[in-house]
Amino acid sequence: MGKKAWNIILKIVFIPVFVVFLTSNIKAASGNAKEVDSLLNLAKIALDTQNPAQTIFLAKKALLYSVNIEDKERIAKSNLLIAFGLCNAGNYSESFVYINRLVKDYSDYIAENLEFRFQLTNLTGRNYLALGFRKQAIAEFKKELTIADLGRTQNEKLEILSNANIQLSACYENYKSDSVIYYLNKVKAIYKNYRGLGYMSKTILHFNLANYYFYNGKRLDSASYYNEQLLKIVKTNPFDYFKCSGFRQKAEILYSQKNYKESLEYSFKVLALAKKKSNIEDRISIYKLLADNYRALKKNEDELFYVNKYVSTKDSLTKASAAGVQISADRISDEITISKNKSLNRKLLLGVLILAVIIVIALIRIKRINKGKNSIIDLKETQINKLQDTRLDKAREELIILAKKDAPEFTMKFKEAYPELNEKLLQIQPNLVNTEIAFCAYLKLNFTTKEIATFIGVTPRAVQIRKNRLRKKLNIPSDEDIYLWMDGL
């Protein structure tokens, strides 16, 4: 078979087979929505059973697949589970990395999903509290009280409320005992009226009540009662975390009651569970309790062994916590900066609005003042014009009387009544004599040719001749009415 034929067979048969094989492998490596959901469910189970290592492993795999299929919702869920797993493992610094990523890149999804927002707020508060940022933790847990009001069902609201109050009580431990019992009593009231309270809320409620009575006044009977209630609840549940917490609390109570041997029994149960779930904080506390028990039993070698365990393990946690504290401090600093910027923007906006209002009010006032001034000016001008008109009317009447009498003072009175007219006439023709000015006055007063002739004792013809002479002397056009010309001056 020729080379060409082999090439054709390769193209028709082997290449398509290879493409199918490669595509299937890529698909298997990238995963799909169904596989992601399966991984997320397994990670959730690992989280509920307090297996942080398994939670992180499964959630990171789910995150990889979610990124490959570009599924925003599943990416967000994967990040949240990883953050929870890291928190439960005591790696708060790394947990905050994922929390910050969620807040930055998935704010829209968080705002639209109540349960997700509740879980993220709760986790953020837990991280803050574990790192000693009490104020920030309280602020986060108080947000849950608001979130509870948005719950779709009454059960959902009560579950969120109980969790928020439990977490708030934890914030005040070894700080304000009154606040601790205040929030725990709120949860007790919810539990009394709502028996459907979730397993986690019930266990944490009894655990915190036992702690409250144990650390406040050493009321060991009350502490023992609530611890026994807790152990009854966790006995039927496979989750190691709550057994670990309950056993550790039981060991501490027994130690305070000086039942050192029985306290040791529970301490070793706790240590086994703590190692199983890789919780460093539980191991630190139980190493100390073991050392205390052995010291009380005067077993110095065993005491020294667990003291060394306690010191070395605590040192490793301190280093991890320092990184977490720095990230938390940075996050708080960022939040403060954002808050300050928002406050500054609000102040600037308020300042601009106030300035705008002041300007508008000022413009309105100026307009009103100007309007008032103009009104006053108009009124004064009107009054002045009226006074002038009145004065001119009186002067006109007096001039008419003097003109009819051909009185000698007629010309003088005319100049007083119409000084501007007299000046304009002289500007046009400085050589005007008093008789010519008097004749102009007759024209200004609108006397007819016949009336003027009667006043000065001449014929109408003589008056007409004077008009023509005056027209030439004042350069009045022949086609313009001399009365109108004189009235226009």
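What you see is a predicted model; the values in this text were computed from it and never measured. One is the number of the first residue; the rest follow in order along the sequence.
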Those residues that, when tested against [X], pass side-chain contact (heavy atoms from CB on, under 4.5 Å) (two or more places apart):
| X | value |
| --- | --- |
| K143 | T121, E140 |
| F439 | Y442, L443, I452, V463, R466, K467, L470 |
| R469 | I465 |

With a sphere of 6.0 Å drawn around [atom1] of [X], does it hold more than 12 non-hydrogen atoms of other residues, nucleotides or ligands?
| X | atom1 | answer |
| --- | --- | --- |
| K450 | NZ | no |
| K142 | NZ | no |
| K404 | NZ | no |
| Y109 | OH | yes |

Distance (rounded to the nearest 0.5 Å) between [X] [atom1] and [Y] [atom2]:
| X | Y | atom1 | atom2 | value |
| --- | --- | --- | --- | --- |
| I456 | F410 | CD1 | CZ | 10.5 Å |
| L363 | I358 | CG | CD1 | 12.0 Å |
| F455 | L445 | CZ | CG | 9.0 Å |
| D37 | R74 | CG | CZ | 4.0 Å |
| W485 | R471 | CH2 | CZ | 10.0 Å |
| L80 | S95 | CG | OG | 9.0 Å |

Do [X] and [Y] come within less than 4.5 Å of each other through their side chains, counting heavy atoms only?
| X | Y | value |
| --- | --- | --- |
| Y65 | N32 | no |
| I160 | L145 | no |
| T124 | Y128 | yes |
| Q167 | N163 | yes |
| N165 | E144 | no |
| V433 | I437 | no |
| L81 | L40 | yes |
| N91 | S93 | yes |

**Item:** Salt-bridge criterion met for K424 and E420 (N-O under 4.0 Å)
**Value:**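 Salt bridge between K424 and E420, a charged N being under 4.0 Å from a carboxylate O: no.
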Closest contact, heavy atoms only, [X] versus [Y]:
| X | Y | value |
| --- | --- | --- |
| L47 | G85 | CD1-N, 4.3 Å |
| A453 | P460 | CB-N, 3.8 Å |
| K473 | Q429 | O-NE2, 3.2 Å |
| A83 | Y98 | CB-CB, 3.8 Å |
| A76 | F116 | O-CZ, 3.5 Å |
| A137 | C171 | CB-SG, 4.0 Å |

**Request:** May I ask you to check whether Y92 and F96 place their ring centers less than 6.0 Å from one another?
**Result:**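 Aromatic pair excluded; centres sit 6.0 Å or further apart.
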**Item:** N122 and R117 side chains, donor-acceptor separation under 3.5 Å
**Value:**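 There is no such pair (donor and acceptor under 3.5 Å, judged by atom type) between the side chains of R117 and N122.
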**Message:** Would you say S66 and D71 are linked by a side-chain donor-acceptor pair, where the criterion is simply a distance under 3.5 Å?
**Reply:**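 Side chains of D71 and S66: no pair found under 3.5 Å.
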**Pair I75-R101, side-chain contact (heavy atoms from CB on, under 4.5 Å): steps then yes or no** = CA-CA 11 Å; I75 291 172; R101 186 180 299 167; over 6 Å; no
**Message:** Assess the residue pair C440 and M486 against the criterion (side-chain contact (heavy atoms from CB on, under 4.5 Å)); give the C-alpha distance rounded to whole Å, side-chain angles, the decisive distance to 0.1 Å, and a yes or no.
**Reply:** CA-CA 8 Å; C440 287; M486 197 66 66; 3.8 Å; yes
Can you tell me if [X] uses its side chain to pair, donor with acceptor, with the backbone of [Y] under 3.5 Å?
| X | Y | answer |
| --- | --- | --- |
| Y483 | F447 | yes |
| N185 | I181 | yes |
| T55 | N51 | yes |
| S169 | I166 | yes |

**Request:** If the plane angle is over 60° it's perpendicular, under 30° parallel, otherwise tilted; pick one for H206 and Y226.
**Result:**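 The rings of H206 and Y226 sit tilted, inter-plane angle from 30° to 60°.
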**Item:** Whether Y172 and Y183 hold their rings parallel, tilted or perpendicular, with breakpoints at 30° and 60°
**Value:**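 It falls in the parallel class, under 30°.
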**Prompt:** Given V103 and L120, is the side-chain contact (heavy atoms from CB on, under 4.5 Å) satisfied, shown in steps?
**Reply:** CA-CA 9 Å; V103 172; L120 183 61; 4.2 Å; yes
